[in-house]
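Each remark here refers to the structure printed beneath this line.
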Amino acid sequence: MQSSSPELPISRRFFKVMVPGFHSKLTIPPAFFPKLKGDKSEKGTIIKGKDTWNVEINRSEKGIISFDKGWEEFVQNHDLRVGDFAVFEHLGNMSFSVTLLDSTGCDKKLLEKSEVVPSQEKKKKVKSGQSGIEKRKLEGDQPHYQCMKGSSEFTARIKEYNVRKRSPYMHIPTEFCQSNALFQNTTMTLTGPSGKSCPVSLRICNGGKTLYACITRGWHDFFSSNKLKVGDVCIFQLDCSKSDSNSIAIDVRVL
């Protein structure tokens with residue numbers, strides 16, 4: 001008589017792709033909610049290797065469950081970017097182990113300390129009494145564009161061609177596009193100091209061996225309504241709370 005095979009355990013895993021807006025919180029897939037039935041804890045843990053991270057569990061009125069306070073710190077410490085993957089395994093009591101993969105599907109590798117020394121040395125050159133804004137102004141005196149790898153913002157100094165009457169445009173640094181998965185033509189919303197939101201077109205161009213991006217249609221209305229002029233230094237910041245896989249919102253500040 002053949003013995004019955006043991007019942008296979010129900011899968012306790014789910015994965016998430018990092019899309020714009022993931023920095024501040026991460027929603028657990030609704031299809032996974034039934035497997036959390038009975039777990040009412042408002043605190044959770046994320047285990048990566050030998051490290052454990054504490055996060056708050058947010059439950060909305062509609063029953064949506066997400067990692068909240070504490071998640072942003074996890075993101076920053078693991079250099080998560082748009083396009084990265086996270087595979088979670090539920091261990092019970094709102095505790096999850098996680099495996100991180102980059103946009104190629106390979107294990108996520110963090111920068112070694114030796115690789116970040118140059119940027120740290122650069123910071124030392126700024127006097128301790130200077131604010132972050134003053135630091136940006138100093139650095140903005142030289143290059144036209146600035147964007148740290150993995151950043152959700154970039155800085156640009158307005159040039160003549162940015163505000164000319166005929167065919168004005170704004171270049172977007174390649175690093176910003178790569179960090180935020182902007183690889184195709186799309187529409188974005190820019191909100192400037194005036195408070196007015198303007199829809200603009202993002203155009204991905206092929207410059208030989210490299211790709212670059214420009215804000216084209218709608219840019220004239222934006223710089224006109226915000227009275228931008230040559231020499232202004234602007235910070236373009238991705239608004240994660242208003243961005244998702246279908247729409248991109250960027251706030252623009254003038255220093």
(request) Applying side-chain contact (heavy atoms from CB on, under 4.5 Å), run through I248 and T186 and close with a yes or a no. (result) CA-CA 9 Å; I248 299 170; T186 187; 4.3 Å; yes
Common cluster, [X]/[Y], ILVMFWY with side-chain heavy-atom separation under 4.5 Å:
X	Y	result
V254	F223	yes
L101	V17	yes
F88	L91	no
L80	I47	no
L26	F33	yes

Has [X] got a side-chain atom pairing as donor or acceptor with [Y]'s backbone, closer than 3.5 angstrom?
X	Y	result
S225	F222	yes
W71	F22	yes
R217	L202	no
W219	N162	yes

(request) Please check if any side-chain donor atom of T45 sits under 3.5 Å from a side-chain acceptor atom of T52, or the reverse. (result) no
So, do [X] and [Y] sit near enough that their side-chain heavy atoms are less than 4.5 Å apart?
X	Y	value
C234	R253	no
I65	N58	no
E153	L238	no
F67	V75	no
L100	D84	no
F154	I235	no
I64	T27	yes
K48	F74	yes

(request) Kindly check if the number of other-residue, nucleotide or ligand heavy atoms within 6.0 Å of CG (N93) is above 12? (result) no
(request) Might you confirm whether atom CZ of F15 has over 12 heavy atoms from other residues, nucleotides or ligands at distances under 6.0 Å? (result) no
(request) Considering only NZ, NE, NH1 and NH2 on the basic side and carboxylate oxygens on the acidic side, decide whether K229 and D232 come within less than 4.0 Å. (result) yes
Minimum heavy-atom distance [X]-[Y], with the two atoms named:
X	Y	result
F32	R12	CZ-O, 3.4 Å
M18	A86	CE-CB, 4.0 Å
A31	P34	O-CD, 3.4 Å
S66	K25	OG-CD, 4.2 Å

(message) Does F14 form a side-chain contact (heavy atoms from CB on, under 4.5 Å) with F96? I'd like the steps, not just the answer.
(response) CA-CA 10 Å; F14 66 88; F96 300 83; 3.8 Å; yes
(message) Please enumerate all residues that pass side-chain contact (heavy atoms from CB on, under 4.5 Å) together with R164, with sequence neighbours excluded.
(response) Y161, S167, P168, Y169
(message) Is there a side-chain contact (heavy atoms from CB on, under 4.5 Å) between K43 and M94? Walk through the geometry before answering.
(response) CA-CA 7 Å; K43 302 290 184 180; M94 300 309 292; over 6 Å; no
(request) Measure the CD1-SG distance between I215 and C198 for me, rounded to the nearest 0.5 Å. (result) 11.0 Å
(request) Any chance you could measure E42, atom CD, to R59, atom CZ, to the nearest 0.5 Å? (result) 7.5 Å
(request) Starting from the C-alpha separation in whole Å, work towards a yes-or-no answer on side-chain contact (heavy atoms from CB on, under 4.5 Å) for F236 and T155. (result) CA-CA 6 Å; F236 292 73; T155 303; over 6 Å; no
Return all side-chain donor-acceptor pairs below 3.5 angstrom for residues 188-195, not counting sequence neighbours, or 'none' if the list is empty.
unit_1, atom_1, unit_2, atom_2, d
T191, OG1, S197, OG, 2.8
S194, OG, K196, N, 3.3
S194, OG, N226, OD1, 3.0

